[in-house]
Amino acid sequence: MIERHLLKLRARDMVSPEEEQAIRDSIAEVRSFRADEIIVHAGRVMTYSVMLLDGILCRYKDLSDGQRQITELHVPGDFADLHSFTLKRLDHSVMTLTPCRAALVPHEKLEQITERFPHLTRLYWFTTNIDAAIHREWEVSLGRRTALSRIAALFCEIKVRLEIVGLTEGMSYDFNLTQTDLAECVGLTPIHVNRTLKELRERGLVQFKGGRVTIHDWDRLARVGEFDPAYLYVEEWHL
Amino acid sequence: MTRYYLHINNGGGYSEDLEGQELPDLEAARAAAIEGVRSLLSEEARQGRLDLSGRIEIADGSGNILLVVPFCDAVELRRDEQRL
């Protein structure tokens, strides 16, 4: 059940059998959600964190005029809100973009992990730092990049993150988001996303169709998106 | 809610909207079209050109065109020399 989570962690550092068992034991419940369900409400006190097992989740904030900005996507194996362990009330909400299955990990279990497993605690701290790095990358996209570059960067990032957890087939992956979801990720309108996807397709870089991304030219797509996977810290660390 | 399809037709060619958007009524679809055009034009303006000759075709699920929104409806242009 936590295999994708373990793949994510082990792509960066060792996880001992004892640590692995502690993670397994920390799960209180597994829940299934439909698409477009809010699973963490901003401002509400959280007593557990959510580990995504299947599907795509997003962190987001709503604006007063009805617009929504998605600030990060989560793929299977991610904790969507490990930071709610220390922050309790989050400044953002979390919702499902596709049907999802998630494990709930009570904060008291996380507290026990911090007391008994200092290395695993550092590893979890490291993963929240990766989330912060992803936020910085999105900040650069939203503030400075062209529409073409924003979407190219997003497709590259998700490819690398899904590959780590074994959810790509070569240069292709399931990504069952709508154009409206994509627009909310990259700060554009659905119309603008539609036009930009057409340009990406016509340049032979990538196709997004039927909930699936197929990358035709990784090098050029990465160049257009100024994508450097360094911010995802996929290398062997000894924390 | 109704599903409206907002097809783009401008200098970049024709982009069919295969997915559509759930919106309350045609007026909301028009507002989404206007917002979309402004988003496209703002990107063009950043690159130093502005093509106002395009249009958005708003269609229903059967492919009937319900409304055509010209790009120039999305912006008010001033070209006079007067300085405030």
Side-chain angles (χ1 to χ4, degrees), chain A residues 34-36 63-69 95 97-98 140-153 174-214 224-225, chain B residues 1-25 27-59 61 65-75:
Chain A
R34 298 183 309 276
D36 300 322
L63 280 72
S64 57
D65 62 0
Q67 293 191 82
R68 169 169 295 168
Q69 180 63 48
M95 71 180 283
L97 294 178
T98 67
V140 171
S141 259
L142 291 164
R144 293 288 167 185
R145 288 185 176 137
T146 62
L148 199 71
S149 180
R150 290 180 201 189
I151 295 180
D174 281 335
F175 195 52
N176 200 15
L177 270 59
T178 64
Q179 290 186 13
T180 302
D181 296 331
L182 276 185
E184 288 170 353
C185 290
V186 294
L188 302 170
T189 56
I191 284 181
H192 202 164
V193 165
N194 188 8
R195 173 39 57 95
T196 308
L197 289 172
K198 176 184 158 83
E199 194 176 340
L200 286 166
R201 190 171 62 241
E202 287 178 351
R203 287 195 190 191
L205 301 177
V206 62
Q207 180 157 36
F208 175 63
K209 196 179 177 187
R212 198 165 169 85
V213 171
T214 305
V224 167
Chain B
M1 298 289 267
T2 311
R3 188 160 285 271
Y4 293 96
Y5 296 82
L6 281 60
H7 310 303
I8 312 162
N9 203 341
N10 73 343
Y14 184 75
S15 299
E16 192 177 1
D17 178 5
L18 297 170
E19 198 173 279
Q21 295 177 50
E22 290 284 337
L23 295 162
D25 52 29
E27 193 45 47
R30 184 178 185 276
I34 294 282
E35 196 193 351
V37 171
R38 286 177 181 160
S39 170
L40 287 172
L41 293 178
S42 64
E43 177 103 0
E44 284 194 4
R46 275 171 60 170
Q47 291 161 12
R49 65 191 158 86
L50 216 46
D51 179 1
L52 292 177
S53 61
R55 61 182 188 274
I56 303 286
E57 296 168 3
I58 302 176
I65 307 283
L66 307 174
L67 189 69
V68 174
V69 182
F71 275 25
C72 50
D73 280 12
V75 285

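Proteins get letters first, then strands, A, B, ... in listed order; numbering begins at 1 in each.
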Inset, instruction - Looking only at non-hydrogen atoms, find the nearest pair between B/A33 and A/I191 and report the distance. - result: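 That would be CA-CD1, 3.7 Å.
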Inset, instruction - Please name all residues satisfying salt bridge (Lys or Arg N to Asp or Glu O under 4.0 Å) with B/D73, sequence neighbours left out, ordered by chain then number. - result: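 By the salt bridge (Lys or Arg N to Asp or Glu O under 4.0 Å) rule, B/D73 matches B/R30.
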Inset, instruction - For chain A, find its close neighbours in residues 13-21 of chain B: heavy-atom separation under 4.5 Å, sorted by number, or none. - result: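 Interface residues of residues 13-21 of chain B: B/G13, B/Y14, B/S15, B/E16, B/D17, B/E19, B/Q21.
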Legend entry - Inter-chain contacts: residues 47-59 of chain B against chain A, heavy atoms under 4.5 Å: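 Residues in range: B/Q47, B/I56.
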Inset, instruction - Pick whichever of B/L40, B/V37, B/L6, B/N10 has the most heavy-atom pairs under 4.5 Å with chain A. - result: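 Looking at each of B/L40, B/V37, B/L6, B/N10 in turn, B/L40 comes out on top.
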Legend entry - Whether over 12 other heavy atoms sit under 6.0 Å from B/R46 CZ: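 More than 12 heavy atoms, drawn from other residues, nucleotides or ligands, come within 6.0 Å of this atom.
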Legend entry - Residues of residues 195-214 of chain A contacting chain B, heavy-atom criterion under 4.5 Å, by residue number: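 At a heavy-atom separation under 4.5 Å, chain B is reached by A/R195, A/K198.
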Inset, instruction - Flag the pair B/E35 / A/H192 as yes when at least one side-chain heavy-atom distance between them is below 4.5 Å, and no otherwise. - result: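 Of all side-chain heavy-atom pairs linking A/H192 with B/E35, none is under 4.5 Å.
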Inset, instruction - Measure distances from B/R38 to the heavy atoms of chain A and classify the residue's part below 4.5 Å as side chain, backbone, both or neither. - result: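 Contact with chain A involves no heavy atom of B/R38 at all.
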Legend entry - Between CG on residue A/N194 and NE2 on residue B/H7, distance to nearest 0.5 Å: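 Output value for this atom pair is 9.5 Å.
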